[in-house]
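Worksheet: the structure to be examined is printed underneath.
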Amino acid sequence: MHILAFGDSLTEGYYNHGTQFHPYALKLQELLTKNGFSVKVEERGESGELVTQGMVHRLPALLRESEARGLKYSWVVILGGINDLGWDKEPAQVWAGLRQLYEAVGRHGAQVLALTCMETAYKQGDEKRVELNNLIRTAPSEFAHVKLLDLEKALPFPRDKSDAAAAAEWDDGLHLSPAGYDHMAAAVYEALSAQLGPEARG
């Protein structure tokens, strides 16, 4: 079984000003293997990428390439949208792009784990992120092959500086530290492991 982790810098594992990377896919692979799943996790994150520009072209091309190699993904974990909002795209535009991604995965014959966008340290424009997340939360009711992981709730931004453990999971107010990416991996694992059938066991 193959799982694709697809997204932007938060999938690529960007931290320390982009000089280092710690993708959540690393810990996700470790957790799946440790718990008896025979699954290969592939990470395809692109820092700075927008859903409405790069992702809507990159994911379908990636899926076509994998099919040409005889590889079919069972699940695609999709996280994107925060960069679009940073470039003043409207939530409805981003949602339309995400729907294209979900549809491409459906044509591939795989299931989607759709992730909401996490909070950041920057409150300006946050109402658009909230609006986009509310749209993402409707995905399972619209697409039978889409499940939801509410990452915003799983990894809230620490507003209380006294919570040292939570603060240590964040790097720069937008990206996570390695500990934070490992926490993300645990949340993704929890969501996926409940969905993986006996065929995923080694």
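We count residues from 1, following the sequence as given. This structure is a prediction, so every number in the text was calculated from the model and none was measured.
Atom CG of Leu101 and atom CD1 of Ile78 lie 5.0 Å apart (nearest 0.5 Å). The line from OH of Tyr24 to CG of Leu31 is 12.5 Å long, rounded to the nearest 0.5 Å. Note that CD of Gln20 and CG of Asp171 are 9.0 Å apart. Values are rounded to the nearest 0.5 Å. A distance of 14.5 Å separates CG of Leu113 from CZ of Phe6, quoted to the nearest 0.5 Å. Rounding to the nearest 0.5 Å gives a distance of 9.0 Å between CG of Leu85 and CZ of Arg129. Rounded to the nearest 0.5 Å, atoms OG1 (Thr120) and CG (Asp126) are 6.0 Å apart.
Side-chain contact check for Ser47 and Glu12: at least one donor-acceptor pair (N or O, by modelled atom type) lies under 3.5 Å. Between the side chains of His108 and Glu67, a donor-acceptor pair is found at a separation under 3.5 Å. Side-chain atoms of His22 and Asp182 include a donor-acceptor pair closer than 3.5 Å.
Cluster membership for Leu28 and Met1, using ILVMFWY side-chain heavy atoms within less than 4.5 angstrom, is shared. No single ILVMFWY cluster, assembled from side-chain heavy atoms under 4.5 Å apart, contains both Trp95 and Val130. Under a hydrophobic-cluster definition in which Ile, Leu, Val, Met, Phe, Trp and Tyr are linked whenever side-chain heavy atoms come within less than 4.5 Å, directly or via other members, Leu50 and Leu62 are assigned to different clusters. With hydrophobic clusters built from ILVMFWY side chains whose heavy atoms lie under 4.5 angstrom apart, Leu26 does not share a cluster with Met184.
Scanning all heavy atoms of the two residues, the minimum distance from Ser177 to Ala168 falls at OG-O, 2.6 Å. When all heavy atoms of Thr52 and Gln93 are compared, the pair lying nearest together is CG2-O, 3.6 Å. Closest approach of Val146 and Ala139 over heavy atoms only: CG1-CB, 3.8 Å. The shortest heavy-atom contact between Val51 and Leu98 is CG1-N, 3.6 Å. Contact detail for Pro91 and Leu135: the closest heavy-atom pair is O-CD1, 3.9 Å. Here the closest heavy-atom approach between residue Trp75 and residue Gln195 is recorded as CZ2-CB, 3.4 Å.
Here the side chains of Glu90 and Lys128 are in contact, with some heavy-atom distance below 4.5 Å. Counting only heavy atoms from C-beta outward, the side chains of Glu43 and Phe21 never approach each other to under 4.5 Å. At a threshold of 4.5 Å between non-hydrogen side-chain atoms, the residues Lys40 and Gln29 count as touching. Using a 4.5 Å cut-off on side-chain heavy atoms (C-beta onward), Tyr73 and Glu42 make contact. Proximity of Leu196 to Leu32: side-chain heavy atoms (C-beta onward) are separated by under 4.5 Å at one or more points. When side chains are defined from C-beta on, Leu4 does not count as touching Val105, because their heavy atoms never get closer than 4.5 Å.
Side chain of Asp8 to backbone of Gly80: no donor-acceptor contact under 3.5 angstrom is found. Not a single donor-acceptor pair under 3.5 Å links the side chain of Tyr181 to the backbone N or O of Leu10. Although no hydrogens or angles enter the test, the distance criterion places a donor-acceptor pair under 3.5 Å between the side chain of Asp172 and the main chain of His175. No donor-acceptor pair closer than 3.5 Å links the side chain of Arg44 to the backbone N or O of Arg58. In terms of modelled atom types and a separation under 3.5 Å, the side chain of Asn83 and the main chain of Glu49 share a donor-acceptor contact.
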Practice problem: Please report the C-alpha distance between Val39 and Leu192 in whole Å, then the side-chain angles of each, then the deciding distance to 0.1 Å, and finally whether the side chain to side chain contact (heavy atoms under 4.5 Å, CB included) criterion is met. | Solution: CA-CA 11 Å; Val39 176; Leu192 279 179; over 6 Å; no
Quiz item: Should Asp84 and Leu132 be marked as a side chain to side chain contact (heavy atoms under 4.5 Å, CB included) after you check the CA-CA gap, both sets of side-chain angles, and the distance that decides it?
Solution: CA-CA 11 Å; Asp84 299 77; Leu132 175 59; over 6 Å; no
Quiz item: Can you list the steps and then say if Leu148 with Thr116 is a side chain to side chain contact (heavy atoms under 4.5 Å, CB included)?
Solution: CA-CA 8 Å; Leu148 179 75; Thr116 54; 4.1 Å; yes
Practice problem: Please lay out, stage by stage, how Glu131 and Asn134 fare under the test side chain to side chain contact (heavy atoms under 4.5 Å, CB included). | Solution: CA-CA 5 Å; Glu131 183 180 342; Asn134 286 334; 5.7 Å; no
